[in-house]
Chemist: 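This is the structure, below, for whatever I ask next.
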Amino acid sequence: MADKSKRVVIVGGGFAGLNCALDLANDPDISITLLDRNNYQQFNPLFYQVAAGILSPGNAAFALRDVVRDLKNIDVQMAEVVSIDLANKSVTTKNGEIYGGDFVVLATGAAVNFFGTTGAEQHSYPLYSLKDAETLRAAILNAFELADVSPAHRTDGALNFVVVGGGPTGVETAGVLIDMVNRTISKEYRHIVPSMAQIFLVERNASVLSMFSPVSQSYAASELRSRGVQLHLSVAIREVDAEGVLLSNGMRIQSKTVIWAAGLTARTMTTVPQIVPGPRGRVEVNEDLSLLGFPEVYVLGDLSNAKGTDKQPLPQLAAVAKQEGQFCARSITGKIKGNRSLSFVYKDRGILAMIGRNAAVAELGSGHHEIIGPFAFVTWLGVHAALLTVNRARLEAVIEWAWTYFHGEHAGQLLDQ
């Protein structure tokens with residue numbers, strides 16, 4: 001039986017931190033404090049659907065207190081951690097509170113990476129938080145509302161949408177926007193025709209979905225083009241301003257709405273000198289996900305630079321974070337009982353990306369067996385519904401997806417900002 005005095009402090013209520021807390025809570029003799037700057041868990045893979053008005057914000061974020069309400073040994077506190085004392089295994093919040101434990105779990109997640117691009121932070125819309133998604137939704141709807149009222153708001157790129165980044169987030173965002181243009185504009189905005197709106201996708205690599213197979217890449221690019229997305233590959237963004245973007249090949253695209261989906265950087269603690277961030281801000285860890293030199297401090301999720309069996313950094317995916325959180329809980333309970341350290345092994349169940357209605361790519365299993373088209377579309381829906389934290393959100397998401405699919409109506413098109 002675990003020592004009743006054992007306490008675990010978890011910083012971050014995302015997939016890694018929350019799953020670690022939930023699994024640790026199975027042992028009633030372990031006390032868990034879960035700290036997060038928000039009072040909800042965010043489901044990043046669905047932010048683009050919130051931005052497009054397909055899903056409401058409540059379908060992509062879940063109140064932490066609600067999730068753990070029946071688990072008496074988890075104490076949720078909305079607090080922003082600003083420093084960590086690794087030796088004493090304690091953290092200090094922005095308001096000066098100190099939380100200590102026998103183990104500390106750092107799962108602070110990631111933030112947008114603008115890669116030093118001139119004007120990007122000031123003039124583009126990132127899509128890496130619930131607030132980002134709501135802000136972008138307001139910008140998109142406002143552009144259409146103004147254009148519907150007056151021809152003056154249909155010029156100078158007012159209905160041009162530039163998506164920066166050809167990874168899953170960028171591809172999915174471009175795909176949902178072009179579907180919105182093709183299926184919604186003519187029905188709901190009587191004074192706009194779909195051809196007035198243009199969707200551009202800019203990617204510095206030679207293909208979209210670089211982490212997928214060539215078959216999936218080719219299919220995704222073909223589908224996007226056939227639906228009307230204008231792809232600009234092998235070209236980078238040189239500058240972003242209030243009127244559009246300047247590409248590295250000298251081309252300029254007029255746009256009032258530039259969506260930044262080009263990458264992430266981990267949220268590191270610059271006040272902790274023992275934590276040395278590596279590429280993209282990720283932190284090196286031992287095989288059991290503990291911090292180098294601190295066996296009772298764990299680093300999980302987007303912050304961790306954990307390696308796969310091929311010795312390459314694991315991707316910053318929800319599935320990786322979830323498995324790391326569950327493993328960390330087992331590792332901590334094992335250490336409390338005096339068991340030897342375990343090594344984390346990621347079980348690769350594949351990768352997926354939505355392109356649009358009846359179109360997606362899925363590479364399933366550790367062998368990444370390729371599926372494209374309608375079946376991959378259904379697979380994407382099923383996997384993402386299963387990943388949602390609460391049953392209510394699963395049911396609501398499935399209903400909204402079905403309604404959008406059969407009727408072409410978006411439930412979340414309220415301009416409330």
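When reading the values below, keep in mind they use all heavy atoms of this one structure, side chains included, and skip hydrogens, waters and symmetry mates. Please read all numbers here as calculations on a predicted model, not as lab measurements.
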Chemist: Restricting to non-hydrogen atoms, name the atom on Ile98 and the atom on Ser90 that form the minimum distance, rounded to 0.1 Å.
Modeler: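 Reported closest heavy-atom pair: CG2-CB, 4.1 Å.
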
Chemist: Does a side-chain heavy-atom distance below 4.5 Å link Lys94 with Arg37?
Modeler: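 Counting from C-beta outward, Lys94 and Arg37 never come under 4.5 Å.
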
Chemist: Centroid separation under 6.0 Å, is that true for the rings of Tyr128 and Tyr48?
Modeler: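 Centroid distance Tyr48-Tyr128: not below 6.0 Å, so no.
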
Chemist: Quick one: ring-ring contact (aromatic ring centres under 6.0 Å, His included) pairs with a partner in residues 95-124, sequence neighbours left out?
Modeler: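 Matches after skipping sequence neighbours: Phe114-Trp260.
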
Chemist: Is the closest side-chain donor-acceptor distance between Glu97 and Thr93 under 3.5 Å?
Modeler: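 There is such a pair between these side chains.
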
Chemist: Could you walk me through whether Arg252 and Asp241 pass side-chain contact (heavy atoms from CB on, under 4.5 Å), step by step?
Modeler: CA-CA 11 Å; Arg252 182 169 178 82; Asp241 58 37; 2.7 Å; yes

Chemist: For the side chain of Asn19 and the backbone of Phe15, is there at least one donor-acceptor N/O pair under 3.5 Å apart?
Modeler: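 Yes: the side chain of Asn19 pairs with the backbone of Phe15.
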
Chemist: Flag the pair Phe344 / Glu287 as yes when at least one side-chain heavy-atom distance between them is below 4.5 Å, and no otherwise.
Modeler: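 With C-beta onward as the side chain, the pair stays apart.
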
Chemist: Using a strict cut-off of less than 4.0 Å between a Lys/Arg side-chain nitrogen and an Asp/Glu carboxylate oxygen, indicate whether Arg280 and Asp302 qualify as a salt bridge.
Modeler: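 A salt bridge is absent here (no side-chain N lies under 4.0 Å from a carboxylate O).
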
Chemist: Is there a side chain to side chain donor-acceptor pair (under 3.5 Å) between Ser331 and Tyr298 once you walk through the steps?
Modeler: CA-CA 10 Å; Ser331 181; Tyr298 289 83; 2.8 Å; yes

Chemist: To the nearest 0.5 Å, how far apart are CD in Glu296 and CG in Leu291?
Modeler: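 The CD atom of Glu296 sits 11.0 Å away from the CG atom of Leu291.
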
Chemist: Any side-chain donor-acceptor pair under 3.5 Å between Asn59 and Ser56?
Modeler: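 Indeed, the side chains of Asn59 and Ser56 share at least one donor-acceptor pair under 3.5 Å.
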
Chemist: For Asn305 and Glu284, which I'm curious about, is there any donor-acceptor pair between the side chains at under 3.5 Å?
Modeler: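 Yes, side-chain donor-acceptor contact under 3.5 Å.
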
Chemist: Answer yes if the ring centres of Tyr40 and Phe62 are under 6.0 angstrom apart, and no otherwise.
Modeler: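 No, ring centres 6.0 Å or more apart.
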
Chemist: Within the 3.5 Å criterion, strictly below it, is a donor on Gln254 or Asn160 matched to an acceptor on the partner's side chain?
Modeler: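 Looking only at side-chain atoms, Asn160 and Gln254 do not form any donor-acceptor pair under 3.5 Å.
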
Chemist: Provide the closest heavy-atom pair for Gln41 versus Gly14 in the form atom of the first, atom of the second, distance.
Modeler: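 Closest approach of Gln41 to Gly14: NE2-C, 3.9 Å.
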
Chemist: Just so I know, are the side chains of Ile355 and Val361 near enough to count as touching, which here means a heavy-atom distance under 4.5 Å?
Modeler: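 They are in side-chain contact.
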
Chemist: Taking 4.0 angstrom as the limit, do Glu243 and Lys256 come out as a salt bridge?
Modeler: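 Result for this pair is yes, salt bridge flagged.
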
Chemist: Determine whether the side chains of Asp348 and His368 contain a donor N or O and an acceptor N or O closer than 3.5 Å.
Modeler: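 A pair is found: one side chain offers a donor N or O, the other an acceptor, under 3.5 Å apart.
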
Chemist: Do the side-chain N and O atoms of Gln217 and Ser207 include a donor-acceptor pair separated by under 3.5 angstrom?
Modeler: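 Result is yes, a qualifying pair exists.
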
Chemist: Is the side chain of Asn113 donor-acceptor paired with the backbone N or O of Thr265 at a distance under 3.5 Å, no angle test?
Modeler: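 Side chain of Asn113 to backbone of Thr265: no pair is present.
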
Chemist: Does the ring center of Tyr346 lie less than 6.0 Å from the ring center of Phe327?
Modeler: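 Distance test on ring centres: not under 6.0 Å, no.
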
Chemist: Can Glu172 and Trp380 be counted as having a side-chain donor-acceptor contact under 3.5 angstrom?
Modeler: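 Result is yes, a qualifying pair exists.
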
Chemist: Do Asn205 and Glu203 have side-chain N/O donor and acceptor atoms under 3.5 Å apart?
Modeler: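 Per modelled atom types, Asn205 and Glu203 side chains form a pair under 3.5 Å.
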
Chemist: Whether Asp102 and Lys89 form a salt bridge (side-chain N of Lys/Arg under 4.0 Å from carboxylate O of Asp/Glu) is what I want to check.
Modeler: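 The answer is no: the pair does not qualify as a salt bridge.
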
Chemist: Whether the Ser216 and Glu363 side chains hold a donor-acceptor pair (N or O, under 3.5 Å, no angle test) is what I'd like checked.
Modeler: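 Distance-only check passes for Ser216 and Glu363.
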
